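Lettering of chains follows the sequences in order, A, B, ..., and the numbering in each one begins at 1. If you're wondering where the values come from, they're calculated on a predicted model, not measured in any experiment.
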Protein chains: 2
Amino acid sequence: MSADPSTRRGIPDATVARLPEYLRALHSFSDDGIASVSSEDLAVATGVGSAKVRKDLSYLGSYGIRGVGYDVDHLAYQISFALGLTHEWAVAIVGMGNLGRALAAYRGFATKGFRIVGLLDQDTRLHGQVVAGLPVRPMADLAGLVGEGLAIGVIATPAESAQDVCDQLVSVGVRSILNFAPTVLATPPSVVVRKVDLSTELQILAFHEQRKAGRAVTLAEVSS
Amino acid sequence: MSADPSTRRGIPDATVARLPEYLRALHSFSDDGIASVSSEDLAVATGVGSAKVRKDLSYLGSYGIRGVGYDVDHLAYQISFALGLTHEWAVAIVGMGNLGRALAAYRGFATKGFRIVGLLDQDTRLHGQVVAGLPVRPMADLAGLVGEGLAIGVIATPAESAQDVCDQLVSVGVRSILNFAPTVLATPPSVVVRKVDLSTELQILAFHEQRKAGRAVTLAEVSS
DNA sequence: TAGATTGTTAATCGATTAACAATC
DNA sequence: TAGATTGTTAATCGATTAACAATC
(Lines give C-alpha, C1' and ligand atoms only; values in the text may rest on other atoms or scores of the structure.)
Protein backbone atom coordinates (compact mmCIF):
# COMPACT_ATOMS: atom_id res chain seq x y z
CA MET A 1 0.00 0.00 0.00
CA SER A 2 1.52 3.32 -0.93
CA ALA A 3 -0.76 4.95 1.65
CA ASP A 4 1.61 3.48 4.23
CA PRO A 5 3.48 6.44 5.72
CA SER A 6 6.79 4.56 5.53
CA THR A 7 6.60 4.48 1.74
CA ARG A 8 4.88 7.85 1.36
CA ARG A 9 8.26 9.57 1.20
CA GLY A 10 10.12 9.78 -2.06
CA ILE A 11 7.52 11.12 -4.46
CA PRO A 12 9.32 11.19 -7.83
CA ASP A 13 10.43 14.62 -9.04
CA ALA A 14 8.44 14.24 -12.24
CA THR A 15 5.31 13.61 -10.17
CA VAL A 16 5.94 16.57 -7.86
CA ALA A 17 6.21 18.82 -10.91
CA ARG A 18 2.75 17.69 -12.07
CA LEU A 19 0.95 17.96 -8.74
CA PRO A 20 0.41 21.74 -9.05
CA GLU A 21 -1.25 21.11 -12.42
CA TYR A 22 -3.69 18.60 -10.93
CA LEU A 23 -4.37 20.98 -8.09
CA ARG A 24 -5.25 23.79 -10.46
CA ALA A 25 -7.60 21.50 -12.40
CA LEU A 26 -9.28 20.36 -9.17
CA HIS A 27 -9.84 23.95 -8.05
CA SER A 28 -11.38 24.65 -11.42
CA PHE A 29 -13.67 21.60 -11.12
CA SER A 30 -14.62 22.69 -7.62
CA ASP A 31 -15.46 26.20 -8.84
CA ASP A 32 -17.75 24.60 -11.43
CA GLY A 33 -19.56 22.72 -8.69
CA ILE A 34 -18.21 19.32 -9.74
CA ALA A 35 -17.82 17.10 -6.67
CA SER A 36 -16.22 13.98 -8.16
CA VAL A 37 -13.86 13.33 -11.08
CA SER A 38 -12.27 10.31 -12.73
CA SER A 39 -8.59 10.03 -13.63
CA GLU A 40 -9.76 10.43 -17.22
CA ASP A 41 -11.44 13.76 -16.36
CA LEU A 42 -8.19 14.96 -14.81
CA ALA A 43 -6.28 13.66 -17.81
CA VAL A 44 -8.38 15.73 -20.21
CA ALA A 45 -8.08 18.84 -18.03
CA THR A 46 -4.29 18.62 -17.69
CA GLY A 47 -3.26 16.87 -20.90
CA VAL A 48 -1.36 14.23 -18.95
CA GLY A 49 -2.71 10.71 -19.71
CA SER A 50 -5.01 8.91 -17.28
CA ALA A 51 -2.56 6.12 -16.39
CA LYS A 52 0.05 8.71 -15.42
CA VAL A 53 -2.54 10.62 -13.40
CA ARG A 54 -3.43 7.49 -11.42
CA LYS A 55 0.19 6.55 -10.90
CA ASP A 56 1.05 10.07 -9.72
CA LEU A 57 -1.88 10.19 -7.31
CA SER A 58 -1.05 6.74 -5.95
CA TYR A 59 2.20 8.14 -4.52
CA LEU A 60 0.13 10.32 -2.20
CA GLY A 61 -2.05 7.48 -0.97
CA SER A 62 -5.29 5.73 -1.91
CA TYR A 63 -7.70 8.63 -2.16
CA GLY A 64 -9.85 7.37 -5.05
CA ILE A 65 -12.84 5.07 -4.98
CA ARG A 66 -12.86 2.23 -7.50
CA GLY A 67 -15.74 2.49 -9.92
CA VAL A 68 -16.43 6.06 -8.84
CA GLY A 69 -13.41 8.37 -9.03
CA TYR A 70 -11.89 10.99 -6.73
CA ASP A 71 -13.68 13.43 -4.44
CA VAL A 72 -12.60 16.80 -5.83
CA ASP A 73 -12.21 18.71 -2.57
CA HIS A 74 -10.62 15.85 -0.67
CA LEU A 75 -8.07 15.18 -3.39
CA ALA A 76 -7.30 18.89 -3.65
CA TYR A 77 -6.64 18.93 0.07
CA GLN A 78 -4.38 15.88 -0.09
CA ILE A 79 -2.32 17.37 -2.92
CA SER A 80 -2.08 20.70 -1.07
CA PHE A 81 -0.93 18.80 2.00
CA ALA A 82 1.68 16.82 0.07
CA LEU A 83 3.03 20.01 -1.52
CA GLY A 84 3.15 21.79 1.84
CA LEU A 85 0.53 24.35 0.85
CA THR A 86 -1.63 23.97 3.96
CA HIS A 87 0.17 26.95 5.40
CA GLU A 88 1.43 30.18 3.89
CA TRP A 89 5.01 30.57 2.69
CA ALA A 90 6.84 33.86 2.99
CA VAL A 91 8.62 35.02 -0.18
CA ALA A 92 11.11 37.83 -0.82
CA ILE A 93 11.89 39.19 -4.28
CA VAL A 94 15.37 40.58 -4.87
CA GLY A 95 15.91 42.89 -7.83
CA MET A 96 13.37 45.59 -8.62
CA GLY A 97 13.90 45.94 -12.35
CA ASN A 98 11.09 45.38 -14.85
CA LEU A 99 10.79 41.69 -14.07
CA GLY A 100 11.00 42.08 -10.28
CA ARG A 101 8.26 44.73 -10.37
CA ALA A 102 6.06 42.51 -12.55
CA LEU A 103 6.54 39.61 -10.13
CA ALA A 104 5.77 41.86 -7.16
CA ALA A 105 2.52 42.93 -8.81
CA TYR A 106 1.49 39.42 -9.80
CA ARG A 107 -1.75 38.45 -8.04
CA GLY A 108 -1.34 34.72 -8.60
CA PHE A 109 1.07 34.24 -5.70
CA ALA A 110 -1.28 35.32 -2.93
CA THR A 111 -4.09 33.06 -4.09
CA LYS A 112 -1.72 30.08 -4.11
CA GLY A 113 -0.56 30.44 -0.53
CA PHE A 114 2.53 32.56 -1.05
CA ARG A 115 2.91 35.91 0.66
CA ILE A 116 5.43 38.46 -0.48
CA VAL A 117 7.02 39.78 2.70
CA GLY A 118 9.86 41.76 1.21
CA LEU A 119 11.10 43.55 -1.90
CA LEU A 120 14.83 44.21 -1.95
CA ASP A 121 17.40 45.82 -4.19
CA GLN A 122 21.09 46.60 -3.95
CA ASP A 123 20.53 50.04 -5.51
CA THR A 124 20.21 52.55 -2.67
CA ARG A 125 18.35 54.97 -4.97
CA LEU A 126 15.37 52.59 -5.01
CA HIS A 127 15.13 52.19 -1.23
CA GLY A 128 11.85 53.46 0.14
CA GLN A 129 10.18 53.50 -3.25
CA VAL A 130 6.82 51.73 -3.03
CA VAL A 131 6.16 48.85 -5.44
CA ALA A 132 2.85 46.97 -5.33
CA GLY A 133 2.20 48.40 -1.88
CA LEU A 134 5.53 47.40 -0.34
CA PRO A 135 8.64 49.56 0.18
CA VAL A 136 11.86 48.53 -1.56
CA ARG A 137 14.39 47.68 1.15
CA PRO A 138 18.18 47.29 1.34
CA MET A 139 19.77 43.86 1.31
CA ALA A 140 20.75 44.35 4.95
CA ASP A 141 17.09 43.82 5.87
CA LEU A 142 17.29 40.18 4.75
CA ALA A 143 18.29 38.75 8.12
CA GLY A 144 15.32 40.39 9.78
CA LEU A 145 12.95 38.94 7.18
CA VAL A 146 14.26 35.46 7.87
CA GLY A 147 13.45 36.05 11.52
CA GLU A 148 9.90 36.80 10.38
CA GLY A 149 9.64 33.46 8.56
CA LEU A 150 11.07 34.16 5.10
CA ALA A 151 11.48 30.79 3.40
CA ILE A 152 11.77 31.38 -0.34
CA GLY A 153 13.93 33.88 -2.22
CA VAL A 154 13.24 34.99 -5.78
CA ILE A 155 16.21 36.40 -7.69
CA ALA A 156 15.21 38.86 -10.43
CA THR A 157 18.51 40.72 -10.76
CA PRO A 158 20.82 40.97 -13.78
CA ALA A 159 23.13 37.98 -14.24
CA GLU A 160 26.14 39.87 -12.89
CA SER A 161 24.79 40.31 -9.36
CA ALA A 162 22.81 37.06 -9.10
CA GLN A 163 25.56 34.99 -7.45
CA ASP A 164 26.26 37.73 -4.91
CA VAL A 165 22.56 38.00 -4.06
CA CYS A 166 22.29 34.22 -3.88
CA ASP A 167 25.21 34.06 -1.44
CA GLN A 168 23.52 36.63 0.76
CA LEU A 169 20.24 34.69 0.72
CA VAL A 170 22.03 31.46 1.62
CA SER A 171 24.07 33.11 4.36
CA VAL A 172 20.96 34.30 6.19
CA GLY A 173 19.41 30.84 5.94
CA VAL A 174 17.18 30.86 2.86
CA ARG A 175 17.26 27.34 1.39
CA SER A 176 14.78 27.59 -1.49
CA ILE A 177 15.55 29.89 -4.39
CA LEU A 178 13.77 30.69 -7.64
CA ASN A 179 16.29 32.16 -10.06
CA PHE A 180 15.24 34.31 -13.02
CA ALA A 181 18.77 35.55 -13.75
CA PRO A 182 20.37 33.90 -16.79
CA THR A 183 23.27 32.36 -14.89
CA VAL A 184 24.09 29.15 -13.05
CA LEU A 185 24.17 29.62 -9.28
CA ALA A 186 26.63 27.82 -7.03
CA THR A 187 25.01 26.78 -3.74
CA PRO A 188 25.52 24.22 -0.96
CA PRO A 189 23.68 20.92 -1.57
CA SER A 190 21.10 21.78 1.12
CA VAL A 191 19.77 24.65 -0.99
CA VAL A 192 17.21 23.91 -3.71
CA VAL A 193 17.43 26.21 -6.72
CA ARG A 194 14.90 26.26 -9.54
CA LYS A 195 15.65 28.30 -12.61
CA VAL A 196 13.37 30.06 -15.04
CA ASP A 197 15.19 31.32 -18.11
CA LEU A 198 13.27 33.14 -20.81
CA SER A 199 16.02 32.97 -23.42
CA THR A 200 16.53 29.25 -22.84
CA GLU A 201 12.83 28.63 -23.42
CA LEU A 202 12.92 30.57 -26.67
CA GLN A 203 16.04 28.70 -27.78
CA ILE A 204 14.32 25.36 -27.20
CA LEU A 205 11.36 26.59 -29.24
CA ALA A 206 13.75 27.72 -31.97
CA PHE A 207 15.18 24.20 -32.14
CA HIS A 208 11.74 22.71 -32.74
CA GLU A 209 10.68 25.49 -35.09
CA GLN A 210 13.80 24.90 -37.17
CA ARG A 211 13.08 21.17 -37.39
CA LYS A 212 9.58 21.95 -38.62
CA ALA A 213 10.92 24.45 -41.15
CA GLY A 214 13.39 21.80 -42.33
CA ARG A 215 10.59 19.31 -42.86
CA ALA A 216 8.54 21.92 -44.73
CA VAL A 217 11.42 22.58 -47.12
CA THR A 218 11.85 18.86 -47.70
CA LEU A 219 8.16 18.50 -48.49
CA ALA A 220 8.28 21.50 -50.82
CA GLU A 221 11.20 19.99 -52.67
CA VAL A 222 9.47 16.63 -52.98
CA SER A 223 6.23 18.12 -54.28
CA SER A 224 7.91 20.40 -56.85
CA MET B 1 29.79 7.76 -35.78
CA SER B 2 27.13 10.13 -34.56
CA ALA B 3 28.58 12.81 -36.85
CA ASP B 4 26.89 10.89 -39.66
CA PRO B 5 24.03 13.11 -40.87
CA SER B 6 21.65 10.14 -40.97
CA THR B 7 21.94 9.71 -37.19
CA ARG B 8 22.29 13.42 -36.40
CA ARG B 9 18.51 13.72 -36.13
CA GLY B 10 16.78 12.90 -32.90
CA ILE B 11 18.73 14.84 -30.31
CA PRO B 12 17.10 13.83 -26.97
CA ASP B 13 14.82 16.45 -25.42
CA ALA B 14 16.89 16.47 -22.23
CA THR B 15 19.98 17.28 -24.30
CA VAL B 16 18.24 20.05 -26.26
CA ALA B 17 17.23 21.66 -22.97
CA ARG B 18 20.87 21.77 -21.87
CA LEU B 19 22.38 23.07 -25.11
CA PRO B 20 21.49 26.73 -24.34
CA GLU B 21 23.35 26.36 -21.04
CA TYR B 22 26.50 25.11 -22.75
CA LEU B 23 26.19 27.89 -25.29
CA ARG B 24 26.02 30.53 -22.59
CA ALA B 25 29.08 29.07 -20.88
CA LEU B 26 30.99 29.01 -24.16
CA HIS B 27 30.16 32.66 -24.86
CA SER B 28 31.41 33.48 -21.40
CA PHE B 29 34.66 31.57 -22.00
CA SER B 30 35.04 33.32 -25.33
CA ASP B 31 34.56 36.73 -23.68
CA ASP B 32 37.33 35.80 -21.25
CA GLY B 33 39.65 35.05 -24.17
CA ILE B 34 39.68 31.30 -23.55
CA ALA B 35 40.07 29.46 -26.86
CA SER B 36 39.77 25.83 -25.79
CA VAL B 37 37.89 24.02 -23.01
CA SER B 38 37.58 20.46 -21.76
CA SER B 39 34.29 18.74 -20.97
CA GLU B 40 35.32 19.12 -17.32
CA ASP B 41 35.62 22.92 -17.75
CA LEU B 42 32.11 22.99 -19.23
CA ALA B 43 30.90 20.73 -16.43
CA VAL B 44 32.13 23.14 -13.77
CA ALA B 45 30.65 26.15 -15.59
CA THR B 46 27.23 24.58 -16.03
CA GLY B 47 26.97 22.22 -13.08
CA VAL B 48 26.16 19.31 -15.34
CA GLY B 49 28.72 16.49 -14.99
CA SER B 50 31.46 15.96 -17.55
CA ALA B 51 30.19 12.58 -18.81
CA LYS B 52 26.81 14.10 -19.54
CA VAL B 53 28.46 17.06 -21.26
CA ARG B 54 30.40 14.74 -23.58
CA LYS B 55 27.35 12.58 -24.27
CA ASP B 56 25.23 15.66 -25.05
CA LEU B 57 27.85 17.13 -27.37
CA SER B 58 28.34 13.79 -29.13
CA TYR B 59 24.76 14.04 -30.45
CA LEU B 60 25.83 17.09 -32.47
CA GLY B 61 28.87 15.40 -33.98
CA SER B 62 32.55 14.90 -33.15
CA TYR B 63 33.73 18.42 -32.52
CA GLY B 64 36.23 17.72 -29.77
CA ILE B 65 39.88 16.73 -30.03
CA ARG B 66 41.02 13.83 -27.85
CA GLY B 67 43.65 14.86 -25.35
CA VAL B 68 42.93 18.54 -26.00
CA GLY B 69 39.26 19.52 -25.63
CA TYR B 70 36.84 21.63 -27.63
CA ASP B 71 37.53 24.81 -29.58
CA VAL B 72 35.30 27.36 -27.83
CA ASP B 73 34.18 29.34 -30.86
CA HIS B 74 33.72 26.35 -33.13
CA LEU B 75 31.67 24.46 -30.54
CA ALA B 76 29.56 27.57 -29.87
CA TYR B 77 28.86 27.79 -33.58
CA GLN B 78 27.90 24.14 -33.81
CA ILE B 79 25.50 24.42 -30.88
CA SER B 80 24.01 27.60 -32.34
CA PHE B 81 23.56 25.78 -35.62
CA ALA B 82 21.92 22.78 -33.99
CA LEU B 83 19.51 25.03 -32.09
CA GLY B 84 18.67 27.01 -35.20
CA LEU B 85 20.18 30.22 -33.87
CA THR B 86 22.25 31.02 -36.95
CA HIS B 87 19.46 33.30 -38.09
CA GLU B 88 17.13 35.63 -36.24
CA TRP B 89 13.68 34.52 -35.08
CA ALA B 90 10.77 36.94 -35.01
CA VAL B 91 8.76 36.97 -31.78
CA ALA B 92 5.43 38.56 -30.87
CA ILE B 93 4.29 39.14 -27.30
CA VAL B 94 0.54 39.06 -26.63
CA GLY B 95 -0.74 40.64 -23.42
CA MET B 96 0.65 43.98 -22.27
CA GLY B 97 0.12 43.67 -18.52
CA ASN B 98 2.98 43.90 -16.05
CA LEU B 99 4.61 40.70 -17.25
CA GLY B 100 4.18 41.41 -20.95
CA ARG B 101 5.75 44.85 -20.50
CA ALA B 102 8.65 43.37 -18.55
CA LEU B 103 9.23 40.81 -21.30
CA ALA B 104 9.05 43.52 -23.97
CA ALA B 105 11.71 45.52 -22.13
CA TYR B 106 13.98 42.52 -21.54
CA ARG B 107 17.29 43.02 -23.32
CA GLY B 108 18.31 39.36 -23.21
CA PHE B 109 16.19 38.39 -26.21
CA ALA B 110 17.90 40.56 -28.77
CA THR B 111 21.39 39.38 -27.84
CA LYS B 112 20.29 35.76 -28.24
CA GLY B 113 18.99 36.10 -31.76
CA PHE B 114 15.34 36.84 -31.07
CA ARG B 115 13.73 39.99 -32.38
CA ILE B 116 10.47 41.28 -30.99
CA VAL B 117 8.43 42.29 -34.03
CA GLY B 118 5.10 42.89 -32.39
CA LEU B 119 3.36 43.71 -29.12
CA LEU B 120 -0.35 42.94 -29.07
CA ASP B 121 -3.28 43.23 -26.72
CA GLN B 122 -7.01 42.62 -26.96
CA ASP B 123 -7.73 45.81 -24.99
CA THR B 124 -8.43 48.60 -27.50
CA ARG B 125 -7.53 51.22 -24.89
CA LEU B 126 -3.88 50.13 -25.05
CA HIS B 127 -3.58 50.29 -28.83
CA GLY B 128 -1.05 52.84 -29.99
CA GLN B 129 0.58 53.08 -26.58
CA VAL B 130 4.34 52.71 -26.93
CA VAL B 131 6.08 50.02 -24.86
CA ALA B 132 9.84 49.51 -25.13
CA GLY B 133 9.84 51.47 -28.36
CA LEU B 134 7.07 49.52 -30.08
CA PRO B 135 3.38 50.42 -30.41
CA VAL B 136 0.81 48.08 -28.90
CA ARG B 137 -1.28 46.68 -31.72
CA PRO B 138 -4.66 44.95 -32.05
CA MET B 139 -4.88 41.19 -32.47
CA ALA B 140 -6.06 41.72 -36.04
CA ASP B 141 -2.47 42.69 -36.92
CA LEU B 142 -1.28 39.12 -36.25
CA ALA B 143 -1.78 37.83 -39.80
CA GLY B 144 0.34 40.65 -41.18
CA LEU B 145 3.14 39.87 -38.72
CA VAL B 146 3.19 36.25 -39.86
CA GLY B 147 3.64 37.53 -43.39
CA GLU B 148 6.70 39.40 -42.09
CA GLY B 149 8.17 36.19 -40.67
CA LEU B 150 6.69 35.90 -37.19
CA ALA B 151 7.60 32.43 -35.90
CA ILE B 152 7.19 32.44 -32.12
CA GLY B 153 4.30 33.72 -30.02
CA VAL B 154 4.61 34.58 -26.33
CA ILE B 155 1.38 34.56 -24.33
CA ALA B 156 1.46 36.89 -21.32
CA THR B 157 -2.28 37.34 -20.84
CA PRO B 158 -4.45 36.36 -17.87
CA ALA B 159 -5.49 32.70 -17.79
CA GLU B 160 -9.02 33.49 -18.99
CA SER B 161 -8.00 34.81 -22.41
CA ALA B 162 -4.96 32.57 -23.00
CA GLN B 163 -6.79 29.84 -24.95
CA ASP B 164 -8.49 32.40 -27.16
CA VAL B 165 -5.18 34.13 -27.89
CA CYS B 166 -3.54 30.76 -28.50
CA ASP B 167 -6.25 29.81 -31.00
CA GLN B 168 -5.67 33.08 -32.86
CA LEU B 169 -1.91 32.49 -32.97
CA VAL B 170 -2.41 28.96 -34.29
CA SER B 171 -4.99 30.05 -36.85
CA VAL B 172 -2.57 32.50 -38.47
CA GLY B 173 0.15 29.84 -38.59
CA VAL B 174 2.30 30.31 -35.47
CA ARG B 175 3.54 26.88 -34.44
CA SER B 176 5.81 27.68 -31.48
CA ILE B 177 4.32 29.19 -28.35
CA LEU B 178 5.75 30.20 -24.99
CA ASN B 179 2.90 30.34 -22.48
CA PHE B 180 3.17 32.37 -19.26
CA ALA B 181 -0.55 32.13 -18.46
CA PRO B 182 -1.36 29.65 -15.69
CA THR B 183 -3.52 27.39 -17.81
CA VAL B 184 -3.15 24.35 -20.04
CA LEU B 185 -3.49 25.19 -23.73
CA ALA B 186 -5.16 22.89 -26.24
CA THR B 187 -3.34 22.91 -29.59
CA PRO B 188 -2.94 20.70 -32.65
CA PRO B 189 0.01 18.25 -32.41
CA SER B 190 2.03 20.31 -34.91
CA VAL B 191 2.26 23.19 -32.44
CA VAL B 192 4.97 23.14 -29.77
CA VAL B 193 3.99 24.83 -26.52
CA ARG B 194 6.38 25.47 -23.66
CA LYS B 195 4.99 26.71 -20.40
CA VAL B 196 6.51 28.90 -17.72
CA ASP B 197 4.44 29.03 -14.56
CA LEU B 198 5.61 31.11 -11.63
CA SER B 199 3.16 29.63 -9.13
CA THR B 200 4.05 26.09 -10.14
CA GLU B 201 7.72 26.81 -9.55
CA LEU B 202 7.00 28.19 -6.10
CA GLN B 203 4.83 25.19 -5.28
CA ILE B 204 7.64 22.81 -6.21
CA LEU B 205 9.99 24.79 -3.98
CA ALA B 206 7.39 24.64 -1.17
CA PHE B 207 7.38 20.86 -1.46
CA HIS B 208 11.14 20.67 -0.96
CA GLU B 209 11.14 23.35 1.72
CA GLN B 210 8.50 21.42 3.63
CA ARG B 211 10.54 18.22 3.45
CA LYS B 212 13.54 20.10 4.84
CA ALA B 213 11.41 21.63 7.60
CA GLY B 214 10.14 18.14 8.42
CA ARG B 215 13.69 16.86 8.73
CA ALA B 216 14.66 19.84 10.89
CA VAL B 217 11.81 19.14 13.29
CA THR B 218 12.85 15.51 13.51
CA LEU B 219 16.42 16.53 14.26
CA ALA B 220 15.22 19.05 16.85
CA GLU B 221 13.18 16.37 18.55
CA VAL B 222 16.08 13.94 18.56
CA SER B 223 18.51 16.48 20.00
CA SER B 224 16.13 17.71 22.71
C1' DT C 1 56.52 8.43 -25.80
C1' DA C 2 53.63 9.89 -21.76
C1' DG C 3 49.80 12.39 -20.44
C1' DA C 4 45.35 14.08 -21.33
C1' DT C 5 40.79 13.96 -22.86
C1' DT C 6 37.34 12.56 -26.09
C1' DG C 7 33.57 9.53 -27.83
C1' DT C 8 31.25 5.37 -26.94
C1' DT C 9 29.83 1.40 -24.51
C1' DA C 10 27.17 -0.93 -21.22
C1' DA C 11 25.11 -0.89 -16.81
C1' DT C 12 21.94 1.48 -14.06
C1' DC C 13 18.40 4.34 -12.88
C1' DG C 14 14.01 6.64 -13.20
C1' DA C 15 9.78 7.62 -15.78
C1' DT C 16 6.12 6.21 -18.85
C1' DT C 17 2.66 3.24 -20.53
C1' DA C 18 -0.66 -0.50 -21.23
C1' DA C 19 -3.06 -3.89 -19.23
C1' DC C 20 -5.87 -5.85 -15.79
C1' DA C 21 -7.15 -7.70 -11.23
C1' DA C 22 -9.38 -5.62 -7.41
C1' DT C 23 -13.37 -3.55 -5.92
C1' DC C 24 -16.79 0.11 -5.52
C1' DT D 1 -25.32 -8.31 -10.62
C1' DA D 2 -23.25 -5.39 -14.40
C1' DG D 3 -20.64 -1.50 -15.31
C1' DA D 4 -17.13 1.62 -14.11
C1' DT D 5 -12.81 3.01 -12.46
C1' DT D 6 -9.03 2.63 -9.33
C1' DG D 7 -4.36 1.03 -7.86
C1' DT D 8 -0.69 -1.83 -9.18
C1' DT D 9 2.07 -4.71 -12.00
C1' DA D 10 5.32 -5.48 -15.48
C1' DA D 11 7.11 -4.16 -19.82
C1' DT D 12 9.12 -0.50 -22.19
C1' DC D 13 11.32 3.56 -22.96
C1' DG D 14 14.57 7.27 -22.29
C1' DA D 15 18.17 9.47 -19.53
C1' DT D 16 22.16 9.16 -16.53
C1' DT D 17 26.51 7.52 -15.15
C1' DA D 18 31.02 5.24 -14.81
C1' DA D 19 34.44 3.24 -17.15
C1' DC D 20 37.70 2.86 -20.72
C1' DA D 21 39.46 2.13 -25.43
C1' DA D 22 40.66 5.31 -28.96
C1' DT D 23 43.55 8.87 -30.11
C1' DC D 24 45.40 13.55 -30.02
For the pair made of OH in A/Y59 and C1' in D/dT6, what is the distance, rounded to whole Å? 15 Å
Rounded off to whole Å, could you give me the CG-to-C1' distance for the B/L60 and C/dT6 pair? 14 Å
Dot-bracket, DNA chain D: Watson-Crick or G-U, under 3.5 angstrom, [ ] crossing, | other strand? ..||||||||||||||||||||||
What string of B, S and - do you get for nucleotides 10-15 of chain D, 5' to 3', when a contact is any protein heavy atom under 4.0 Å? -----S
Of A/L169, A/D167, A/I155, which is the lone residue that meets side chain to side chain contact (heavy atoms under 4.5 Å, CB included) with A/L185? A/I155
Rounding to a whole Å, what distance do you find between A/D56:CG and C/dT16:P? 7 Å
What residues in residues 28-42 of chain A put a non-hydrogen atom under 4.0 Å from any atom of DNA chain D? A/S38, A/S39
Heavy atoms only: give me the nearest A/V192-B/H208 pair and the separation to one decimal. CG2-CB, 4.0 Å
Applying salt bridge (charged side-chain N to carboxylate O under 4.0 Å, His left out) to B/R194 and not counting sequence neighbours gives A/E201
Between C1' on D/dT5 and CG on A/L75, what's the gap in Å once rounded to a whole number? 14 Å
With sequence neighbours excluded, give me every salt bridge (charged side-chain N to carboxylate O under 4.0 Å, His left out) pair touching residues 56-75 of chain B. B/R18-B/D56
Check for a donor-acceptor pair, side chain of A/W89 on one end and backbone N or O of A/G84 on the other, with a separation under 3.5 Å. yes
Holding to ring pair (Phe, Tyr, Trp, His ring centres under 6.0 Å), I want the full list of residues that pass it with B/H74, two or more places apart in sequence or in another chain. B/Y63
Which is it for B/V154 and A/L198 under the side chain to side chain contact (heavy atoms under 4.5 Å, CB included) test, yes or no, and what are the steps along the way? CA-CA 10 Å; B/V154 176; A/L198 313 178; over 6 Å; no
Tell me every residue that passes salt bridge (charged side-chain N to carboxylate O under 4.0 Å, His left out) with B/D41, counting only those two or more places apart in sequence or in another chain. none
Test side chain to side chain contact (heavy atoms under 4.5 Å, CB included) applied to A/T46 - qualifying residues, sequence neighbours left out: A/E21, A/Y22, A/A25, A/V48
Those residues that, when tested against B/D197, pass salt bridge (charged side-chain N to carboxylate O under 4.0 Å, His left out) (two or more places apart): A/R24, B/K195
Which atom names give the shortest non-hydrogen contact between B/F109 and B/L103, and what distance separates them? CE1-O, 3.4 Å
Looking at every heavy atom in both B/A181 and B/A159, which two are closest together, and how far apart are they? CB-CA, 4.2 Å
For nucleotides 22-24 of chain C, which of its nitrogen or oxygen atoms have a protein nitrogen or oxygen under 3.5 Å away, and what is each distance?
unit_1 : atom_1 : unit_2 : atom_2 : d
C/dA22 : N3     : A/R66  : NE     : 2.9
C/dT23 : O4'    : A/R66  : NE     : 3.3
C/dC24 : O4'    : A/R66  : O      : 3.2
C/dC24 : O2     : A/R66  : O      : 3.4

Between B/I11 and A/F207, is a side chain to side chain contact (heavy atoms under 4.5 Å, CB included) present by the stated rule, with each step listed? CA-CA 10 Å; B/I11 301 177; A/F207 171 79; 4.1 Å; yes
What distance do A/I116 atom CD1 and A/I93 atom CD1 have between them, rounded to the nearest 0.5 Å? 4.0 Å
Only pairs at least two apart or in different chains count here, so list each side chain to side chain donor-acceptor pair (under 3.5 Å) that has a residue in residues 105-115 of chain A. A/E88-A/R115
For DNA chain D, the residues among residues 200-208 of chain B that have a non-hydrogen atom under 4.0 Å from it: none
